[in-house]
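Taking it in order: structure first as structure tokens, then the write-up.
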Amino acid sequence: MTLLDVENLKVTYTTEDDTVHAVNDVSFSIDEGVNYGLAGESGSGKSTIAEALLGLLPGNGTVERGKITFNGRDITSLSDTERRDMLWEDIAYIPQSAMDSLDPVMSTGDQIIQAIQAHRSVSDEKARSRVEELFEIVGLDPDRIDDYPHEFSGGMRQRVTIAMALALEPDLIIADEPTTGLDVIVQDKIIDKILEIQERMDSSLLLITHEIGVIAETCDELSILYGGKVMEQGSVDNVLVNPTNPYTMGLKNSFPEIDGSNEDAVAIPGSPPNLNHEPTACVFKDRCPFATDECGDSHPDLVSLPNRNHRSACHHVDKAAQMRRDAKNPETWDIPEAEDTATDTGEVVLETDNLEKYYEQSQSLLSQFRGEDPDYVKAVDGVSLSVRRSEVVGIAGESGCGKSTLGETMALLEDPTGGEFVFDGEPYEYYQNSNLEEFRRKVQIIFQDPFDSLNPRQTVRKLVGEPLTIHDYRSDEHEQAIIETLEKVGLTPAEKFLDQYPHELSGGQRQRVAVAKALVLDPDFLICDEPASMLDVSLKVNLLNLLRELADTEDIGIVYISHDLASLMQVSDRLAIMYLGRIIEEGAVDRIANQPKHPYTTSLLSAAPEKDPTTDRARVLLDGEPPDPVDLPTGCKFAPRCPKAEEECWATEPALDESEDEDHRAACYFPDDETAETAVEASQTDDPDQSTNAGSLSD
Amino acid sequence: MSQFQRFLAKRLAISIGLTLIAVSVIFVVLRLLPGSPFEALVTSGNLNQQQINEIRALYGLDQPMWRQYIDYMVSILTFQFGYSILRSQPVWDVLEPRLVNTLILLVPALVTTAILSSALGMYAGWNRGSLLEKSSIITTTFLRSTPVFITAIFFIIVFAYNLELVPAFGMRSVTASPEGYVDTFLSIDFLHHYLLPFTVAVLYYSGDFLLLARNGIVEKRGSEFLKLHKAKGLTEMQQLARAGRNSMLPILTYFALRLGMIFQGLILLEVVFGWPGIGRELVLAIQQQDYPLVQAAVFIMALAVIIANLAADVLYAYFDPTVSTGGGSSA
């Protein structure tokens, strides 16, 4: 039976001078007990649909037309009171950012109790015991219901919102990007949890995400959205395996693969459409390599493909097979084929030996008097790494593993507390004593967030030119230097961008400006700290390709820090996996991808969702969370979560060269290729979800 | 809890340090002023040098400066404020009624306005862009930026002279001679005199609270957790209550600080309404260089501000669980 039926939904936002047509005639329906996925890049209208369903549209958003029928009732015509009664009782919501979506000054238990008591007159005690029950279900410690959101880690907060969504056993749960911003491992656990619970409760799920892989693994049916239109919809198996719409093909191909196969990710060039007017042509026409005149005339209607649950909005559905073949070829999308020359790496530009960055913990006066040693948070704990020119070294790890601190220490934004640091043949002391400015010119860092790291009141010219002024570099040819750099990062024609402000640029362009800002000084070394984590897939691939190209042509060394293994595989030559301040495995990308030696690497690799719904993935769910970095176990730091840990591991810590292989080092006593199998068995035997640790790392 | 205790101990230590610094500054500044309280007596020729020396010795002013400082510190920190030089009365007897008069006028006014204006401000912020929001902002900004004595005079003209609803001046009728505080403050006559200055004080303080509350709500509106509250099916008012709870901290801080500053009185208001409060007394005492009186008054004011600050810090920790873990387990 149909649970939710959306028919020709149209939502617009009125802004000061324009109307944004965010959702245009979207139709889909969800049957009872079905998991439905809405996929699309940012700006595709997927979150707007969720907000329209829940009546959460901001003040300037209106449902222009369309019908939303839930359980036989049209919910667009409900009064406020009726809608309030329906919310949570029938439709619950798992919000996008677990970090901000819990009330910071209300205990988590109280927030769930509030949800229960808003709809049912239950006594406080009963509500409390229900909350305890819910905490148990989602794998949280029931004794912690009086804790405040800040006392939980990101993944645990998301569990709290899931518990909240389950409180009244709704018929439909809408999850809006429930795992965005979480680490792969945590993401994997959360998805596993959602599926497990939903199986048990027999409710339907509407999952909204930009990660096709997540949908492929969890959903039965999906719609692919672009520019507020449904491009393709149907059963997951049909749509993702045999896409018939050029956009779906492009989207699928732009996901970097993790398995190190030779199929490079192919980005869709261009940027999402301007939605300031009602679409008259196919919304994807401008970026579509198969577009013909016909496509300019009207947006194609959804056409049902015969004999299967599959609909596609394309004028050229009949040529789907041909398009599928062509879409894999970058030339189709007008992307110059990257020359696959084996890159010659140059001399070592930066080298660290046992680099350490400890943060002292504040101590009580009493223990200071007693002369006790303060506790240290060992953010970077003896990292030895060397980076050559023209080489991209990827650093991967969960949040809190110290990878960002490592980046900042390498950029000398943080003073190292121990170990050796050599850049360009000179030690750390050389730069610390008065040559810091030279260092600052030669080493550049690109930060995570292109929205915050650019001054909103400066034009692109000023932003990119500022480093030149500071370092008095190429002072008589400023303008030329700026233009050259902008062109280098692909902002052409550069003149067009010079006088624009950051808010006039798209996310991808902004990140390019940030890159240009770093490149304008012709650095020798570039540190990128999650530069692509805020970008959509197609933009992400563009940026990765850009960095790769820069490393090859400009002869600079690049350190790329990320938790996203797939993009690291795409861009790096060598990969270093970090866990709790230490590098636990290091080696060439191919080697790590195909034959991980350390059990932690194995679990990281296995946690990434697979975009092909036909392949089954062996999940390795790690126990618990990383231990408290102040009070670490004496032996291998990974031992408490390691499925293979034996006595030896608890006793002494394995060194990185344990495996006696120069090119592929791993700090593990039992490095072998059987890891995957043993890990799976282990995780099946005991309950993988005993998160008891508050994870002080993430607070 | 130990973390909270440590936090508290630290705050307390800072407050004590601040108090010591404040009283020392009072001592130094007063000694730096030219002249002495006896100047007037001397110049009038009523006293000879011998008598002056005797009086100075009586007050301990012939002692070396460090000795005076130590005596001063010991006395003031044990709340022995001594005798007023010009009034020949214990300082506390002079200050106490004035202080009570001021507090009885301003504390209720501040509490009233803190509650009413904050509530109004929150409601205005929630309905952003509404007529209520715009008009309330304009009105309160106007009231806040007009000097309080202008507003006061305007009110006196309208309500006391034109409408003759309330008396214009003083705290009680000339004929009334009540005994004790209860008698003084629980009379219709007092209420009659109280209404006008109370209203003006309420209006004067209202702007800050209204704007703080409004801005707090505007900032919180559209935050993710409110969206989730809304999705849970809470009513508008319940949502507003949550937003209000989340934007309460700046208001609380401001309230505590204002409460501390009330001990200085509102001098202009006291003058215009002929209210026998502490502000007027202090101005007079400074003019006459009545050391003990000024010292005591300034000490009380400084202490009030410091205690209010301390209270704000503690309340902060109590109401915002993120400030210190374990500090707000029951908030």
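Chain letters run A, B, ... following the sequence lines, proteins first and then strands; every chain starts at 1. Please read these numbers as outputs of a predicted model, since none were measured by experiment.
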Query - Heavy-atom pair count under 4.5 Å with chain B, highest-scoring of Met164(A), Arg83(A), Glu89(A), Met86(A) - result: Met164(A)

Query raised in the report: Is there a donor-acceptor pair closer than 3.5 Å between any side-chain N or O of Lys232(B) and the backbone N or O of Gln111(A)?
Result: yes

Requested in this report: Heavy atoms only: give me the nearest Glu224(B)-Asp100(A) pair and the separation to one decimal.
Outcome: CB-O, 3.6 Å

Query - Interatomic distance, Gln114(A) atom CD to Leu234(B) atom CG [nearest 0.5 angstrom] - result: 4.5 Å

Contacts under 3.5 angstrom, residues 105-116 of chain B side chains, donor-acceptor by atom type, not counting sequence neighbours:
residue, atom, partner, partner atom, Å
Thr112(B), OG1, Pro108(B), O, 2.5
Thr113(B), OG1, Ser117(B), OG, 2.9
Thr113(B), OG1, Val202(B), O, 3.2
Thr113(B), OG1, Ser206(B), N, 3.4

Query raised in the report: For Phe209(B), which residues count as a ring pair (Phe, Tyr, Trp, His ring centres under 6.0 Å) partner, sequence neighbours excluded?
Result: Tyr254(B)

Query raised in the report: Which one, Ala118(A), Ala115(A), Ala167(A), leads in non-hydrogen pairs under 4.5 Å with chain B?
Result: Ala115(A)

Query raised in the report: Do Val105(A) and Arg242(B) come close enough that some side-chain heavy atom pair is under 4.5 Å?
Result: yes

Query raised in the report: Given side chains that start at C-beta, do those of His229(B) and Met106(A) come closer than 4.5 Å, heavy atoms only?
Result: yes

Query raised in the report: Quick check: are there more than 12 heavy atoms from other residues, nucleotides or ligands sitting under 6.0 Å from CD of Glu82(A)?
Result: yes

Query raised in the report: What's the shortest heavy-atom distance between Asn246(B) and Pro104(A), and which atoms?
Result: OD1-CG, 3.3 Å

Requested in this report: Taking atom CZ of Phe135(A) as the centre, report whether more than 12 heavy atoms of other residues, nucleotides or ligands fall under 6.0 Å from it.
Outcome: yes

Query - Reported CD-to-CG distance for the pair Glu236(B) and Asp80(A), which is rounded to 0.5 angstrom - result: 7.0 Å

Query raised in the report: Are any non-hydrogen side-chain atoms of Tyr93(A) and Leu228(B) less than 4.5 angstrom apart?
Result: yes

